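Please read these numbers as outputs of a predicted model, since none were measured by experiment.
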Amino acid sequence: MLRTHTCGELRTDHIGQQATLCGWVDTYRDHSGILFVDLRDRYGKTQVVFSPQSGPQTLAVAKTLRAEYVIAVTGTVAARPEGTENRNLATGRIELRAEKLEVLNRSRTPPFQPGAKELPSEETRLRYRYLDLRRQPMQEAMLLRHRMIKLIRDYFDELGFVDVETPMLGRSTPEGARDYLVPSRVHPGTFFALPQSPQLYKQILMIAGYDRYVQVARCFRDEDLRADRQPEFTQLDLEMSFVQPGDVMDVIDGLMARLAGQLLGLELQLPLPRMTYDEAMQRYGHDAPDLRFGLELVDVTDVARECPFQVFRAAAESGGRVRGLNAKAAASRYSRKGIDELTQYVVEDFGAQGLAWFKVDAEGQLASPIAKNFEPGQLARMAQRFDARPGDLLLLVAGPWDLTCRALAGLRRRLGRELNLYDPKQMHFSWIVEFPMFAYDEQQGGWTAMHHPFTAPRPQDLPLLKDDPGKCRAQAYDLVINGVEAGGGTIRIHDTDLQQEVFRLLGIDAQRAQERFGFLLEALQYGAPPHGGIALGIDRLVMLFGRLDNIRDCIAFPKTQRATDLMTGAPSEVDVAQLKELGIRIDR
RNA sequence: GGGGGUGUAGCUCAACUGGUUAGAGUACCGGACUGUCGAUCCGGUGGUUGCGGGUUCGAGUCCCGUCACCCUCGCCA
């Protein structure tokens, strides 16, 4: 090693010792006769002092040092003179009195300094990612990620899980997300697809008898990005044989308890709370509700049906709902203009017709421009239903069930943030269970799988497959942390006949099923054990545990929202020769 | 595909309703300084106001188009 210690290591115990440090020049303070350099590596910072005692040659070279130069300094560890200690620095009681300096590498003037307070634009950070990754917050995020994955691997190893790698080059399955395709040179005109998840492979592993499988697996989905979504992401993927939903959830409960304990010092109460999908939609309008705060939805469709207010009555009479929420004590917080903004939000983002509102006056009466459209008794019933108290603000949306869910869930999330209804440091873990098997696709006019087509229905719902698929519930469970879907899983179908029946319901005819999933259908006929599993988004977990608000901040080399890499310039055009070899011609 | 935000010096930002030569901090360059730690002090360099077009006597500012980045709806089995 070129160094004897790291830049975060030296303490008063080392006083008098010779030491050699290597690192980057974080800052330098040149006083002509004496010169200070804060030398930085990922372990910390140490002050190096160059003075006439360092020798004229060394001092002269030190004067040429600039930000981000890489140097090796040898010297004596010394106590700082009284009164010059730096309490903000772990190494602040000592300094290295330089005797020898070697410039290992110079740096161009960096576009930004990793130690600076002001953060450059994210564009600049991504363009010069190697500089950004030198920043302490990024190094902490990378370290947190490393520690989390280490804990995960240890945990599953203790439980007897086997880590098996599955292929990155697989078969395209147009169901679900768009695939990233990889052309085959050997078979021109054909393509591999990068995995959206190792779903089918892990089921095959169960059939192969591996019993408990785990993998930290890279996955790819060619869909539009979000603050918590990358085209390339990492899943904790696992599968178990001979299990029921509770068995999988118990394993994850244990993992979450360990991660929360080891990484955050939080003790989780197990089992984690479990709520059905129906209850979540009823109470929060969302299948991944943020349960750090209440603000539950209230249904007043029955009142709306009788009231003269046309907007409400029409919604109620056409099978829709009128629901709303009570922003406690928020009437003064939102002016007319503020409410207009909320209205614009639900209208533009969720397609609501509008946002009805009431402010609760000092007498507990509902006041609003639309109040005249209601009879006093109806207003009183609504006030009671919302538990309206003076100073409250009631916000209501009328429309089809799923629209009221989406709009009010969005509104609830927004109000939770704007009204500081929760402590940002708080963590809430819960399960949402018993999802519907199918969702009806209005455009295509048919059933689609809510999770994926290999999901097993609840045994008691089997008759519903034929009679009323919409009511059929799956053996499915999602882990929700702070309103973020951290992962989801299901018990799988292990019976060929049932699998074929589900395919039929989804409009996947026998021939297509055979083409795409024939290998699975075949494998199911060779002694498939009952099995199920789950996949958790590791990037999201790191984001949540690190209290980051952006998934890019916990990925070393992330993509932009347009799925490009600003550092490498990927994706890029390729040589005509490469295309020719693959039998591909670009049409544009 | 839709909605919104941002784009001015290497970086972070400013520039009232359109009006003189587009400013500040920082970085950078030069000078001074032997105990600083966001060092300080003096001086200096640095601009295609993302790009293209238009309106106007005059555009960083207004209009149209376009590009990039971010947030979001759709999408993400």
Polar pair under 3.5 Å, donor/acceptor by atom type, side chain [X], base [N]:
| X | N | value |
| --- | --- | --- |
| A/Asn86 | B/rC37 | yes |
| A/Arg229 | B/rC76 | yes |
| A/Arg226 | B/rG74 | yes |
| A/Glu118 | B/rU26 | no |
| A/Asp349 | B/rG3 | no |

[X] near the nucleic acid: base, sugar-phosphate alone, or nothing, with a heavy-atom cut-off under 4.0 Å?
| X | value |
| --- | --- |
| A/Glu95 | base |
| A/Asn550 | sugar-phosphate |
| A/Leu566 | sugar-phosphate |
| A/Thr27 | sugar-phosphate |
| A/Phe438 | nothing |
| A/Thr448 | nothing |
| A/Pro110 | nothing |
| A/Gln561 | base |
| A/Glu68 | nothing |
| A/Arg80 | base |
| A/Thr91 | nothing |
| A/Thr173 | nothing |
| A/Arg552 | sugar-phosphate |
| A/Pro120 | sugar-phosphate |

Aromatic stack A/His31/B/rG35: centroid gap under 5.5 Å, interplanar angle under 30°: no

Stacked pair A/Phe36-B/rU36, distance under 5.5 Å, angle under 30°: yes

Residues A/Leu541, A/Leu236; criterion side-chain contact (heavy atoms from CB on, under 4.5 Å); working and verdict: CA-CA 10 Å; A/Leu541 281 181; A/Leu236 162 61; 5.7 Å; no

Any-strand Watson-Crick or G-U partner of B/rA24, both distances under 3.5 Å: B/rU12

Counterpart base for B/rC69, defined by Watson-Crick or G-U wobble contacts under 3.5 Å: B/rG5

Chi angles and distances behind the salt bridge (charged side-chain N to carboxylate O under 4.0 Å, His left out) call for A/Glu175, A/Arg512: CA-CA 11 Å; A/Glu175 288 81 11; A/Arg512 218 167 95 217; 3.1 Å; yes

Is a side-chain donor or acceptor of [X] paired with a backbone partner of [Y] at a separation under 3.5 angstrom?
| X | Y | answer |
| --- | --- | --- |
| A/Asp461 | A/Arg473 | yes |
| A/Arg80 | A/Gly92 | yes |
| A/Asp41 | A/Gly44 | yes |
| A/Gln215 | A/Thr166 | yes |

Selected nucleotide, minimal atom distance to [X] side chain, candidates [options]:
| X | options | answer |
| --- | --- | --- |
| A/Glu123 | B/rC76, B/rG10, B/rC69 | B/rC69 |
| A/Phe350 | B/rC73, B/rU36, B/rC70 | B/rC73 |
| A/Asp30 | B/rA27, B/rC33, B/rG35 | B/rC33 |
| A/Glu223 | B/rC37, B/rC76, B/rC33 | B/rC76 |

Test salt bridge (charged side-chain N to carboxylate O under 4.0 Å, His left out) applied to A/Glu68 and A/Arg106, step by step: CA-CA 7 Å; A/Glu68 301 308 307; A/Arg106 301 196 301 170; over 6 Å; no

side-chain N/O A/Arg29 vs B/rU36 OP1/OP2, d < 4.0 Å: no

Under 4.0 angstrom between A/Ser32 side-chain N/O and B/rG31 OP1 or OP2: no

Pair A/Lys63 + A/Asp30, salt bridge at N-O below 4.0 Å: yes

Among A/Asp290, A/Leu411, A/Leu421, A/Leu408, the one residue meeting side chain to side chain contact (heavy atoms under 4.5 Å, CB included) with A/Leu295: A/Leu421

Quick test: give all pairs of protein nitrogen or oxygen and nucleotides 65-67 of chain B nitrogen or oxygen below 3.5 Å, distance rounded to 0.1 Å.
none

Euclidean distance for P, B/rG38 against B/rG30 (whole angstrom): 24 Å

Pairwise P distance for B/rU26 and B/rG18, with rounding to whole Å: 33 Å

